[in-house]
Amino acid sequence: MSTNLLNTDSLPYCKGCGHDLIAKHTTKALEKLNYKALDVIIVTDIGCHGIIDKCLNTHTVHGLHGRSVALGAGIALGLNHPDKKIIVFIGDGGATIGLQHILEAARLNLNMTVMVHNNMLYGMTGGQTSGLTPYGFRTTTSYDGNPFGGYDLCGLLQSAGSSYACRILGIGDISDKLAVAIGTKGFSLAEVIEICPGFGMKLNPKRKLGEIAESSGRKPGEWINRRDKFEMPVTKKTNNLFERAPLIKKEFTHYLKQKTTILISGSAGEGIQLAATILSKASMRSGLSVTQKGSYPVTVGVGFSAAEVNLSDKHIFFHGITQPDIAIITSEDGLAYAKQRIKQMQNGMLIIDTSLEKPITKAEIVERDFRMVGAKYAALYAILYYALKTGVISTEAVFKTLDQEGLQDKFPLALIKDALVK
Amino acid sequence: MHKKNKDSIVLTDGSCLIIEALARAGADAFIGYPITPANLLYQYGSQRMELMLSAPDEITTLQWMSGLSMTGKLPVTATSFPGFALMTESVNMAYMMELPMVIILVQRLGPATGTATCGAQGDLLLLNGIISGGHPIPVLATSDFEDCWVLAAKSAEIAITLRTPVILLTSKEEVMTHRSFNMKNLSDISPVVRKEYQSAQKYKPYAATNLVPDFIPVGQNKHQVRFNASTHDQAGILQHSTKEAIDNTIRLEEKITKRMQEFQYYILDEQEDANTLLVAYGISASAARSATSQLREKKKKVSLLIPQTMLPVQDIYLTKCLEYQKVIIAEESINNQFGRILFGQSIPDHVTCIGSIAKMITPEQIVEEVYL
């Protein structure tokens, strides 16, 4: 049997191998559905089935072991064309190692069809047990019969959301059954059960496909989900990320005499990073170069939250801070994180909430009840206090930044201003 | 390419610059899987790229990207070592199939999962041997914000021009730190023009012109297209070891080693009569730049080499390292990975490495080493 999609009727498989049947009836099914060769992309996995490429007139892709469904999914996503058909040939071994890829393609209901050549063992590598080997089926690595059952692949597929899955015995003309899978809009899979003549038949003489399927609880059938076909999600995009990074113009004067390193340390959820950003932007508004980086545990919602800010009137090459010139501490968490560095400060200034223990340090210690304006606002109050205390930048630059960022109503500014002047 | 005159100062980060540059250079798909410290890139990719999908794992990420690349997309992803480790086989596949894509590798402290929120420069040796057979894969390393812009675009250009995956190597401190930045320093980026096979003659997917095969997307109706990750002939048909197939495998090596000579990027800032050469790439280049500035202010003569094209390694790096009496390599690792790539296990006595683990190398460390 040769077809327009196959360039030979002599396929490179062992005599009696079900792969021959699947390849010929897949192409026959495609022709029944009027597909032209170049409308079809056949992606093959690693395994005996994967040597079919040279016999196909379609586009062909030969990938890695177990990954062919994900690779085909990428093609389906890239083409996203209703008249193009992506078909993946994979074995039971590939389906085992690549099970996640199959479930994912089913979950998304991508427009593609997977043909699982389930000969119940790894044929190409010597007849080893796979995840689809039925209970009791003998392989070269389970001479007494597989002690475990195989996956119910079609059942998994239905659960994952595939539009269509079927299990077929690889006997006779299966093209009509394969055509149902191929003709499905959305994800479809046909699991064709066959016996490898090289290993399966020899190790399991006299066993028949129907009996194996029956006894292992893997009867032929169809598993259907009524779903809409895949549509590429349409989401709002920007055509310029910089649109979200507002320009900052110099409007204020700074009085910074030398590069200054600032450590702001407090608790997660108390606005440390936002305060650092406001300080950075206010400093930029005052004509300074800045760097800003955050530090926090991997669980971003608990524990400390710290920010390191460099201010300079020159370009800043290096943004790392070993010992800060200024340490601003607003909570116990922040103090615990920064304590060692504060102790090593030989000069500079420690600006710290009055409620906290004062570490031994050679830095000038300035305390203030920052938390009285509310824990979430203490960091903003602290950077405003830093501006007022040092005069490096003006508090007006900070307030202008809050205004420009649309944050003026997010903070109790009247309370903070009142506290500042006391 | 030209730069603008008017100051345009923003507070931004390297992730934003990289993704915007890639998008302007023609990258049109981002496949993401979360991993610290590459998450900002994922976030920006989702906002900027025409097609964005969240993959369930990093193997799927690379496979989806490969499929997309076959259809003519230029896909991008961002990851860190644990994710990149999962991608390794698929990177080899894309390399063998000759699929353009850009992988942004954000280095963090290893081994294994190490410390997700701590920067490092520990992946260069891994990249130097990532392709089975020892074939080189193009690796560019960003050393500052301008590099995030320029080299990201160059990564896209290399990927398309040479039909290959390209690694853009960076680190946590480079992509997560915000800086005031004047956008007038950014050059214009034009989309990379992809030339597709135009002839009416039968298309041979791996017949190369100037070492690079012509591209035509899978699924079009003019020519049959074959992609193959196994050893294959020019038609893309699996072969054991025929001459044509092995020649094709050899061509892959030659393609990168020879054609990457068109993409030699580095900064060489030499001072006349300087005896000392500072060498630093990636995040450590910021300390080296600062140290250079400090030393020169003190009238200490010093030259600076910042490699940007990391792999395949460029001859000039070795040449320059052999010209100076004293060479100091700064790298945030404990095993001088770049030095070992240049010199193997026999690093000359005049070459020293300032290493570091779990903290950035400081300018002061470099200055001190210069005076030793």
Side-chain angles (χ1 to χ4, degrees), chain A residues 36-39 41 50-51 53-54 57-64 67 70-79 81 84 100-101 104 232 235 237-242 244-250 277 280-281 283-284 288-298 316-320 322, chain B residues 8-12 16 19-20 36 44 46-53 56-57 59-60 63-73 89-90 93 116-117 173 176-180 183 218-230 236-238 286-287 289-290 293 359-360 362-363:
Chain A
K36 303 284 186 293
L38 296 185
D39 290 329
I41 302 98
I51 55 177
D53 292 31
K54 62 185 177 187
N57 294 327
T58 65
H59 301 290
T60 64
V61 177
H62 183 57
L64 302 179
R67 312 302 169 202
L71 185 55
I75 297 169
L77 289 163
L79 291 178
H81 193 298
K84 301 294 178 183
Q100 166 65 37
H101 304 310
E104 183 69 8
M232 191 66 74
T235 55
K237 303 286 182 186
T238 176
N239 59 9
N240 184 358
L241 286 169
F242 298 140
R244 301 178 185 192
L247 297 181
I248 298 175
K249 291 180 181 170
K250 181 178 183 301
T277 300
S280 297
K281 290 187 174 179
S283 301
M284 291 165 65
L288 292 170
S289 296
V290 310
T291 72
Q292 180 204 336
K293 83 165 186 178
S295 295
Y296 26 78
V298 285
I316 302 167
F317 291 109
F318 179 72
H319 70 260
T322 308
Chain B
S8 303
I9 298 171
V10 298
L11 184 67
T12 189
C16 181
I19 295 298
E20 182 63 32
T36 304
Y44 288 127
S46 70
Q47 295 165 358
R48 182 65 173 90
M49 296 291 179
E50 182 184 317
L51 188 157
M52 195 294 294
L53 287 158
D57 58 76
I59 299 174
T60 304
Q63 292 292 324
W64 283 4
M65 287 170 69
S66 298
L68 287 164
S69 185
M70 289 174 189
T71 66
K73 302 281 187 190
E89 188 190 21
S90 299
M93 183 194 83
T117 53
E173 294 288 339
M176 291 187 70
T177 302
H178 287 72
R179 281 177 172 270
S180 51
M183 291 201 300
V218 75
Q220 42 64 49
N221 290 95
K222 291 179 185 168
H223 299 279
Q224 183 189 34
V225 175
R226 297 184 190 274
F227 289 99
N228 203 323
S230 297
I237 299 293
L238 187 150
S286 65
R289 283 183 165 109
S290 180
S293 174
K359 56 187 175 186
M360 294 164 69
T362 65

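In what follows, chains are A, B, ... by sequence order, proteins preceding strands, each numbered from 1. Hydrogens, waters and symmetry mates are skipped; everything else that's a heavy atom, side chains included, is used.
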Test item: B/R179 side-chain N/O and A/V290 main-chain N/O as donor-acceptor pair under 3.5 Å: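 Judged by distance alone, no pair lies under 3.5 Å.
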Polar side-chain atom of B/Q224 near backbone of A/T58 as donor-acceptor pair, under 3.5 Å: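 Here the side-chain-to-backbone pair exists.
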Out of [options], which one racks up the most heavy-atom pairs below 4.5 Å with chain A?
| options | answer |
| --- | --- |
| B/M49, B/E50, B/Q220, B/M176 | B/Q220 |
| B/L238, B/V225, B/L51, B/I59 | B/V225 |
| B/C16, B/P363, B/S46, B/S66 | B/P363 |
| B/M70, B/H223, B/H178, B/K359 | B/H178 |
| B/A229, B/S230, B/P56, B/A287 | B/P56 |
| B/R48, B/M360, B/K73 | B/R48 |

Side chain, backbone, both or neither of A/T322 within contact of chain B (heavy atoms, under 4.5 Å):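 Side chain of A/T322 only, per the 4.5 Å heavy-atom cut-off to chain B.
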Under 4.5 Å from a heavy atom of chain B, the part of A/Q100 involved: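 It is the side chain, since no backbone atom gets that close.
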Heavy-atom pairs under 4.5 Å with chain B, option from A/K281, A/R244, A/M232 with the top count: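 Top count of heavy-atom pairs under 4.5 Å with chain B: A/R244.
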Does any non-hydrogen side-chain atom of [Y] lie less than 4.5 Å from one of [X]?
| X | Y | value |
| --- | --- | --- |
| A/K36 | B/N221 | no |
| A/R67 | B/M93 | no |
| A/K249 | B/I9 | no |

Partners meeting side-chain hydrogen bond (donor to acceptor under 3.5 Å, both in side chains) with B/T60 (sequence neighbours left out):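 Result, side-chain hydrogen bond (donor to acceptor under 3.5 Å, both in side chains) vs B/T60: A/H101, B/D57.
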If you compare all heavy atoms of [X] against all heavy atoms of [Y], which two are closest, and at what distance to 0.1 Å?
| X | Y | answer |
| --- | --- | --- |
| B/T71 | A/G78 | OG1-CA, 3.4 Å |
| A/L79 | B/V218 | CD2-O, 3.6 Å |
| A/F242 | B/E20 | CE1-CG, 3.8 Å |
| A/S289 | B/S180 | CA-OG, 3.3 Å |
| A/A70 | B/Q63 | CB-CB, 3.5 Å |
| B/S286 | A/F317 | CB-O, 3.1 Å |

[X], part contacting chain A, at a heavy-atom distance under 4.5 Å:
| X | result |
| --- | --- |
| B/K222 | backbone |
| B/L68 | both |
| B/E173 | both |
| B/L11 | both |
| B/M65 | neither |
| B/T362 | both |

Please round to the nearest 0.5 Å and tell me the distance separating atom [atom1] of [X] and atom [atom2] of [Y].
| X | Y | atom1 | atom2 | value |
| --- | --- | --- | --- | --- |
| A/T60 | B/I237 | OG1 | CD1 | 5.5 Å |
| B/S90 | A/L64 | OG | CG | 5.5 Å |
| B/M52 | A/K237 | CE | NZ | 5.5 Å |
| A/I316 | B/R289 | CD1 | CZ | 14.5 Å |
| A/I41 | B/R226 | CD1 | CZ | 13.0 Å |
| A/E104 | B/L53 | CD | CG | 9.5 Å |

Full working for side-chain contact (heavy atoms from CB on, under 4.5 Å) between B/V10 and A/I248: CA-CA 6 Å; B/V10 298; A/I248 298 175; over 6 Å; no
Heavy atoms from other residues, nucleotides or ligands near NZ of A/K250 exceed 12 (cutoff 6.0 Å):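 Yes, because the 6.0 Å sphere around NZ of A/K250 holds more than 12 heavy atoms from other groups.
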